[in-house]
Protein chains: 2
Amino acid sequence: MRYTLEDIARKAGVHLSTASRAMRNDKLISAETSSKVRELAKKLGYRPNAMARSLANQKAMAIEIVVSTIPSFANPMLVQNLVGVYEIAELNDYDIFIGTSEGTVQDWSTVLRAFQERKADGCLVFIGSDDFVNDPPDKLFSKLLPVVFVNNMVRHQNTGSVNFDNFQGGYLATKRLIELGHKRIAFIGPGKERLTRERIRGYHRALKEAGVKTSQELYVERQYDMTGENGATAMKQLLQRIDFTAVFCSGDWMALGAMEVAKSQGLSIPGDISFIGFDDIHLAAHVTPSISTVKQDGEKAGRIAAKILVDLMKGNAVPDGNLDITIPVELIERESIGPAPR
Amino acid sequence: MRYTLEDIARKAGVHLSTASRAMRNDKLISAETSSKVRELAKKLGYRPNAMARSLANQKAMAIEIVVSTIPSFANPMLVQNLVGVYEIAELNDYDIFIGTSEGTVQDWSTVLRAFQERKADGCLVFIGSDDFVNDPPDKLFSKLLPVVFVNNMVRHQNTGSVNFDNFQGGYLATKRLIELGHKRIAFIGPGKERLTRERIRGYHRALKEAGVKTSQELYVERQYDMTGENGATAMKQLLQRIDFTAVFCSGDWMALGAMEVAKSQGLSIPGDISFIGFDDIHLAAHVTPSISTVKQDGEKAGRIAAKILVDLMKGNAVPDGNLDITIPVELIERESIGPAPR
DNA sequence: GGCACTTATGCAAGGGTTTGCATGGATTGG
DNA sequence: CCAATCCATGCAAACCCTTGCATAAGTGCC
């Protein structure tokens with residue numbers, strides 16, 4: 001048997017509205033009545049109907065997590081983010097549900113739908129590609145649905161963003177390679193992602209500072225995800241057309257794929273080529289050789305993003321400076337890098 | 001501006017209820033009126049309020065995904081499952097949200113809550129541990145909330161399950177090792193998980209069929225997850241106390257961790273020790289040496305589980321035989337196994 | 001002891017849909 | 001031409017909760 005508030009009220013001998021207030025510990029209700037109602041509710045296992053409550057409150061008490069496609073969850077960084085998000089969501093009584101942009105990168109329909117159907121009070125967007133944000137429909141923002149972007153940025157009303165300091169990451173990694181004597185440093189990554197472009201900026205800055213000439217041939221931009229396969233393909237192209245002594249990969253998976261190719265061609269790591277990745281996925285420390293990388297605190301990013309979103313959803317005033325956050329990164333040195341071969 | 005059905009009705013010059021039916025293409029409404037209403041709704045961007053609709057229908061049109069903790073998503077098999085689940089959910093207009101059992105394995109509170117608060121019409125449980133199912137509260141099932149278990153099994157009313165043929169997997173893997181001449185084959189896995197226990201059964205069966213004596217010392221059961229760390233720890237214990245030529249690991253991550261330990265101790269794979277894993281995670285093919293493993297079609301499991309759940313939620317009759325499904329597995333041979341050293 | 005307050009509770013509208021039943025007009029058949 | 005039918009639409013209750021306002025009972029004051 002599932003009880004309704006009315007059942008509880010009747011059995012407790014009070015009015016429906018009194019029971020409602022009692023359940024939420026409203027100070028209007030006497031401590032005596034209040035506890036009587038609450039105990040009865042507890043005994044009967046009563047729980048308020050979330051839909052009715054949402055309807056009355058005009059709050060869904062839910063956050064939509066937007067990813068491009070479900071396999072995105074295979075990205076360990078996203079999982080880390082999620083841990084942080086969940087922590088904050090739970091603390092604030094928000095449920096979390098999943099939406100996809102259905103592959104069509106430019107597709108805002110999920111976000112819009114969540115809002116229009118009032119299934120969520122806000123969205124957390126984990127899509128890094130530019131396409132997604134270049135031309136957000138006015139419809140969306142004019143309606144003031146709170147949205148927080150992770151690894152992306154859209155400045156608008158009711159919008160926040162959380163990004164790692166990708167520029168700094170690219171800079172630190174490249175600088176370290178230069179310190180080790182490398183001059184010809186290749187880059188592999190998906191150029192359509194905002195975060196990769198930032199890393200490239202850091203890469204260029206470090207090269208420029210050191211007076212190392214950059215060459216267009218040293219880039220390989222893959223169109224899409226940072227998968228091992230893409231890393232491997234890019235590596236094969238690089239090996240065919242140019243010589244170099246180090247590779248900076250915009251993602252550990254890509255680094256892993258690229259390293260496999262190098263190994264299979266009999267190259268020694270880091271003897272012949274040094275590799276440096278990005279993300280510090282769990283695996284990076286567990287392969288041979290272990291991968292040097294730029295570490296990002298994914299849980300922290302998730303927590304911050306969720307906090308901003310909660311504030312926006314609750315209508316709390318958030319100082320402009322706290323809406324767009326950049327999180328520092330850290331270089332982790334492991335076996336995959338070494339002095340440049342002479 | 002967000003419109004309500006009443007707005008649409010007024011502008012279309014019809015009654016609220018007529019508009020409601022028109023939106024759903026009810027045959028009661030004339031084609032003319034119907035299309036007039038629908039076009040107007042489309043033009044104004046009207047979308048029904050999901051909460052109000054849920055309240056009226058007594059359907060949340062949502063599925064809750066229950067995992068033990070968020071980091072479970074780091075398990076690639078779960079992600080594969082999710083791909084399948086999402087496909088079916090979307091097809092049937094169900095939303096998906098995430099719940100955890102909050103670490104306390106025995107905690108059914110999330111599942112109960114989803115049901116009591118009517119936020120979900122059914123649950124998909126991705127928790128393999130026995131604790132979780134040993135003593136499910138009657139409350140739960142007496143209320144007939146549809147639940148489908150993946151990698152676990154609870155036979156009850158309104159309940160389904162999807163499991164891989166773990167027995168067969170354990171059997172095939174072990175048999176292959178035996179064919180390669182191995183006699184002392186160790187096992188590593190979390191014994192509290194139903195799926196691992198099945199694999200152990202298969203392992204024993206193969207040994208028994210071949211007349212190979214099994215030894216208690218060859219097991220190492222780790223309490224919890226199939227992480228690389230646990231695999232490594234177990235491997236260290238094994239190496240200290242006994243000699244063997246092959247290890248069957250109940251999970252590729254464990255195999256990877258165990259292999260790292262072996263390599264770090266100067267053992268050659270598969271020269272000195274053969275390794276075989278389970279799951280065929282993406283990574284298995286990309287490490288050196290690549291890992292032989294038992295492959296499971298995760299997406300298929302997800303799809304089947306979701307289909308069963310949808311049927312249960314909709315009240316469709318499901319023949320008893322279609323409620324508990326076992327999916328075949330396949331042995332994938334890679335570099336990590338070879339003939340037993342003599 | 002009447003007045004102004006405070007405190008605890010009840011009343012009823014409102015939130016946006018769905019849906020069984022009633023109604024009114026048009027159509028058919030005898 | 002009227003009764004019987006049918007079709008399209010309107011009416012109102014129901015889903016379950018929240019909340020501003022009204023009411024009733026209890027307190028203190030002069």
Side-chain angles (χ1 to χ4, degrees), chain A residues 1-38 40-41 44-62 93 113-121, chain B residues 1-38 40-41 44-62 93 95 113-121 314:
Chain A
M1 175 54 188
R2 290 200 283 202
Y3 296 97
T4 165
L5 193 52
E6 197 175 354
D7 299 327
I8 304 299
R10 193 172 338 102
K11 300 207 187 203
V14 300
H15 190 268
L16 173 63
S17 63
T18 304
S20 169
R21 290 191 241 257
M23 288 304 294
R24 276 165 301 124
N25 250 343
D26 194 311
K27 338 87 203 169
L28 280 183
I29 305 299
S30 71
E32 193 187 10
T33 310
S34 201
S35 71
K36 181 175 64 181
V37 171
R38 297 165 71 87
L40 185 63
L44 297 177
Y46 165 78
R47 306 239 59 200
N49 178 318
M51 304 172 216
R53 174 178 271 193
S54 293
L55 185 58
N57 289 332
Q58 298 289 78
K59 304 246 175 203
M61 292 312 286
D93 286 319
R113 205 182 62 101
F115 177 64
Q116 293 180 122
E117 299 186 355
R118 316 279 214 301
K119 290 208 140 189
D121 305 316
Chain B
M1 176 58 184
R2 292 199 281 204
Y3 296 96
T4 163
L5 193 50
E6 197 176 351
D7 300 328
I8 305 298
R10 190 169 345 101
K11 301 207 187 205
V14 300
H15 190 267
L16 172 64
S17 63
T18 303
S20 170
R21 290 191 240 258
M23 287 305 292
R24 275 164 302 123
N25 250 343
D26 194 313
K27 338 88 202 167
L28 278 183
I29 305 300
S30 70
E32 192 188 10
T33 310
S34 203
S35 70
K36 180 175 64 181
V37 171
R38 298 164 71 85
L40 186 62
L44 298 177
Y46 164 78
R47 305 241 58 199
N49 177 320
M51 303 172 212
R53 174 178 270 190
S54 293
L55 186 59
N57 288 334
Q58 298 289 78
K59 304 248 176 202
M61 292 312 285
D93 285 321
D95 282 308
R113 204 181 64 99
F115 178 62
Q116 294 181 120
E117 299 186 356
R118 317 278 212 301
K119 288 209 138 188
D121 305 315
K314 289 191 174 166

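All values reported here derive from a predicted model rather than from experimental measurement. A, B, ... follow the sequence lines: proteins, then strands. Residue 1 opens every chain.
Two residues are said to be in side-chain contact when any heavy atoms from C-beta on lie closer than 4.5 Å; B:Arg118 and A:Arg2 meet this criterion. Between A:Ile8 and A:Leu44, some side-chain heavy-atom pair lies under the 4.5 Å cut-off.
Applying the side chain to side chain donor-acceptor pair (under 3.5 Å) criterion to B:Ser35, with sequence neighbours excluded, gives no partner residue.
For A:Glu6, the CD atom sits in a loose shell: 12 or fewer heavy atoms of surrounding residues, nucleotides or ligands are nearer than 6.0 Å.
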Protein and nucleotides 4-7 of chain D: nitrogen or oxygen contacts under 3.5 angstrom:
none

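Protein atom CG of A:Asp26 is 14 Å distant from nucleotide atom C1' of D:dC21, rounded to whole Å. The distance from atom CE of A:Met23 to atom P of D:dC17 is 9 Å, rounded to the nearest whole Å. Per the geometry, CG belonging to A:Asn49 stands 13 Å off C1' belonging to D:dA14, to the nearest Å. A straight line from CD of A:Glu32 to P of D:dG26 spans 13 Å, rounded to a whole angstrom. With rounding to whole Å, A:Leu55 atom CG is found 17 Å from C:dA13 atom P. Note: CE (A:Met51) to C1' (D:dT18) measures 17 Å, nearest angstrom. Summarising the geometry, the separation between CG on B:Asn25 and P on C:dT18 is reported as 13 Å, rounded to the nearest angstrom. Straight-line distance from the CG atom of B:Asn57 to the P atom of C:dG15: 20 Å, rounded to whole Å.
You'll find a donor-acceptor pair under 3.5 Å spanning the side chain of B:Arg21 and the base of C:dG20, going by distance alone.
Atoms CZ and CE, on A:Arg53 and B:Met51 in that order, are 13.0 Å from each other to the nearest 0.5 Å. Rounding to the nearest 0.5 Å places OG1 of A:Thr4 at 8.0 Å from CG of A:Asn49. Atom CG of A:Leu40 is separated from atom CG of A:Asp7 by 10.0 Å, given to the nearest 0.5 angstrom. Once rounded to the nearest 0.5 Å, the distance linking OG of A:Ser54 with CG of A:Asp121 reads 8.0 Å. Interatomic distance, CZ of B:Arg21 versus NZ of B:Lys27, reported as 10.0 Å (0.5 Å rounding). Distance NZ/B:Lys119 to CE/A:Met61: 7.5 Å, rounded to 0.5 Å.
Note on A:Arg53: a side-chain N or O is less than 4.0 Å away from OP1 or OP2 of D:dT18. Contact annotation: A:Thr33 side-chain N/O to C:dT9 OP1/OP2 distance is under 4.0 Å. An OP1 or OP2 oxygen of C:dT9 is reached within less than 4.0 angstrom by a side-chain nitrogen or oxygen of A:Ser30. Within the structure, a side-chain polar atom (N or O) of A:Tyr46 is placed less than 4.0 Å from OP1 or OP2 of D:dC17.
Across the interface with DNA chain C, nearest-nucleotide mapping of A:Ala19 and B:Pro48 shows A:Ala19 to be the residue nearer the 5′ end. Heavy-atom distances to DNA chain D give each of B:Ala31 and A:Ala56 a nearest nucleotide, and the one nearer the 5′ end belongs to B:Ala31. Along DNA chain C, the nucleotide nearest B:Arg24 and the nucleotide nearest B:Ala52 are compared for position; the residue whose nucleotide lies closer to the 5' end is B:Ala52. Heavy-atom distances to DNA chain D give each of B:Lys27 and B:Gln58 a nearest nucleotide, and the one nearer the 5′ end belongs to B:Lys27.
Non-hydrogen atoms lying under 4.0 Å from DNA chain C are contributed by B:Leu16, B:Ser17, all within residues 10-18 of chain B.
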